[in-house]
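Notes follow the structure.
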Number of protein chains: 2
Amino acid sequence: MNKPVQARTLKTRAKLIDAAKAVVAESGYEALRVEEVVQRAGVAKGTFFAHFRDKDALMDQLLGAQLREILDDIAAGPQPRTAAEMVTALAPLIAFATSERYVFDVVIRHSGAAAITEIGPIALAFEQQFRLSLQWVTHPDLPVRDDIPPELLAEGIGAFLIQAISLAFCALHSSVSVEERLEPYLRAWLR
Amino acid sequence: MNKPVQARTLKTRAKLIDAAKAVVAESGYEALRVEEVVQRAGVAKGTFFAHFRDKDALMDQLLGAQLREILDDIAAGPQPRTAAEMVTALAPLIAFATSERYVFDVVIRHSGAAAITEIGPIALAFEQQFRLSLQWVTHPDLPVRDDIPPELLAEGIGAFLIQAISLAFCALHSSVSVEERLEPYLRAWLR
DNA sequence: ATCTAAAATTGACCATGGTCAGTTTAATAG
DNA sequence: CTATTAAACTGACCATGGTCAATTTTAGAT
């Protein structure tokens, strides 16, 4: 039933991930080149693609892990009691998602799982974000409208978050910060 | 002040666009190859990139034109009087945006203008969609909440539209159609 | 220890988007 | 008509993601 995975495999995979993280730390996500990663990891190019379906799959791992960390931090923080506090709590997530245009593109591309059997880290992070929003919205300290199911409310928060972030990359709407844009959305949505 | 654009230029550009449209008609957007386009247009590869910054810029033109047509059609239709009617009116837009995963990706990537001086067709289509929503929302036949500015209401419609479409590509949420998902969002948002 | 099959790895090779120095064509001046 | 200059065009070349038949390594059986 289980696949017999060799220790060698895990080691190679770790070398690739470590090399990739080093490249990202030095030059950012967009500048990452597969060739650079495999050279640092000391493996052949083909090995990379034996471990990751494509370059995007590596990005899924890297970005998903980062998102997970950020969300864990947010979840460990206090329960927001207003829309404004919710925006403040989400600030680290917004900062990361807007740090590079490329990051946002990749995140969007992986936000939905392509298939049930292969839910990637980024898709999981979106689920985590949804659950966190759901938790916030059902907490008594945050007064919200009660005429719609909390699940819908939580999904809406996600929709406005994406909207606010994507407008950050738009020259037409760059006069206000993402946070300033998100807050009125959430206030109106949560009523 | 004006740039002296030669008739030859327009002709070459038209040949490229026509060739691209033919390829898309035959095989879809994702299958489009620059090499194929230039061969059909009878020009060299370099010429393509003298006319379009990159392949994405061509896609911006093609998809933007298509979106504009669809939005013009929708605008020519009747004023929706309920959230359900609004979803019905938006159906052609949804159908196009979900026709290919690649289409959605490109549209998202161009949804915001990268710079004030170069607002592409897709960004314009988003503006058009916003204005149409604004028109709908300020029409007396559609009863909506009046505690928030109509501009915010219109932007929210856009946010939920994107959310519903992006969930269409998500295996985790594929049990319901985009329209079925969008309607409760809009009902709740418009109150 | 040796054999064997499966897993892991390799690197030459391919596909495709994108670049640019050099060439051709068109517009304008004299 | 010819010279001059700027615009348009060309295609060889590059950059980079991705493939795959061949090779090496590992785990397990005898």
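Side chains included, hydrogens not; waters and symmetry mates left out as well; all remaining heavy atoms used. So that the names make sense, note that chain A is the first sequence line, chain B the second, and so on, each numbered from 1.
- Atom pair A:Arg8:CZ and C:dA8:P shows a separation of 7 Å (rounding to whole Å applied).
- Cluster partners of B:Phe130, by chain and number: B:Leu134. The rule joins Ile, Leu, Val, Met, Phe, Trp and Tyr whenever side-chain heavy atoms lie under 4.5 Å apart.
- Residues of residues 100-108 of chain B that place a heavy atom closer than 4.0 Å to DNA chain C do not occur.
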Please tabulate, for side-chain N and O atoms in residues 82-99 of chain A, each donor-acceptor pair with protein atoms closer than 3.5 Å (sequence neighbours left out).
{"from": "A:Thr82", "atom 1": "OG1", "to": "A:Ala84", "atom 2": "N", "distance (Å)": "3.4"}
{"from": "A:Thr82", "atom 1": "OG1", "to": "A:Glu85", "atom 2": "N", "distance (Å)": "3.0"}
{"from": "A:Glu85", "atom 1": "OE1", "to": "A:Arg81", "atom 2": "N", "distance (Å)": "2.9"}
{"from": "A:Thr88", "atom 1": "OG1", "to": "A:Ala84", "atom 2": "O", "distance (Å)": "3.0"}
{"from": "A:Thr98", "atom 1": "OG1", "to": "A:Ile94", "atom 2": "O", "distance (Å)": "2.8"}
{"from": "A:Thr98", "atom 1": "OG1", "to": "A:Ala95", "atom 2": "O", "distance (Å)": "3.4"}
{"from": "A:Ser99", "atom 1": "OG", "to": "A:Phe96", "atom 2": "O", "distance (Å)": "2.7"}

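- Residues of residues 11-23 of chain B that place a heavy atom closer than 4.0 Å to DNA chain D, in numerical order, are B:Thr12.
- Judged as a side-chain hydrogen bond (donor to acceptor under 3.5 Å, both in side chains), the pairs with a partner in residues 14-28 of chain A (not counting sequence neighbours) are, in order, A:Glu26-A:Arg40.
- Applying the side chain to side chain donor-acceptor pair (under 3.5 Å) rule to B:Arg181 yields no partners; only residues at least two apart in sequence or on another chain are considered.
- Every residue two or more places apart in sequence or in another chain that forms a side-chain contact (heavy atoms from CB on, under 4.5 Å) with B:Asp72 is listed here: B:Arg68, B:Gln128.
- Residues satisfying the salt bridge (charged side-chain N to carboxylate O under 4.0 Å, His left out) test with A:Glu127, not counting sequence neighbours, are none.
- Residues that satisfy the salt bridge (charged side-chain N to carboxylate O under 4.0 Å, His left out) test with A:Asp146, not counting sequence neighbours, are absent from this structure.
- Screening residues 155-165 of chain B for side-chain hydrogen bond (donor to acceptor under 3.5 Å, both in side chains) gives A:Tyr185-B:Glu155, B:Gln163-B:Tyr185 as the qualifying pairs, with residues at least two apart or on separate chains.
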List the atom pairs, donor and acceptor, that lie under 3.5 Å between side-chain atoms in residues 49-58 of chain A and the rest of the protein, sequence neighbours left out.
{"from": "A:Arg53", "atom 1": "NH2", "to": "A:Glu118", "atom 2": "OE1", "distance (Å)": "3.3"}
{"from": "A:Asp54", "atom 1": "OD1", "to": "A:Asp56", "atom 2": "N", "distance (Å)": "3.2"}
{"from": "A:Asp54", "atom 1": "OD1", "to": "A:Ala57", "atom 2": "N", "distance (Å)": "3.0"}
{"from": "A:Lys55", "atom 1": "NZ", "to": "A:Leu32", "atom 2": "O", "distance (Å)": "2.9"}
{"from": "A:Asp56", "atom 1": "OD1", "to": "A:Arg109", "atom 2": "NH1", "distance (Å)": "3.1"}
{"from": "A:Asp56", "atom 1": "OD2", "to": "A:Arg109", "atom 2": "NH1", "distance (Å)": "2.5"}

| field | Base-contact (B) and sugar-phosphate-only (S) positions in nucleotides 15-22 of chain D, heavy-atom cut-off under 4.0 Å, - elsewhere | value | -SBBBB--
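- Contact annotation: B:His51 side-chain N/O to D:dA8 OP1/OP2 distance is not under 4.0 Å.
- Atom CD1 of B:Ile157 sits about 7.5 Å away from atom CD of B:Gln129, to the nearest 0.5 Å.
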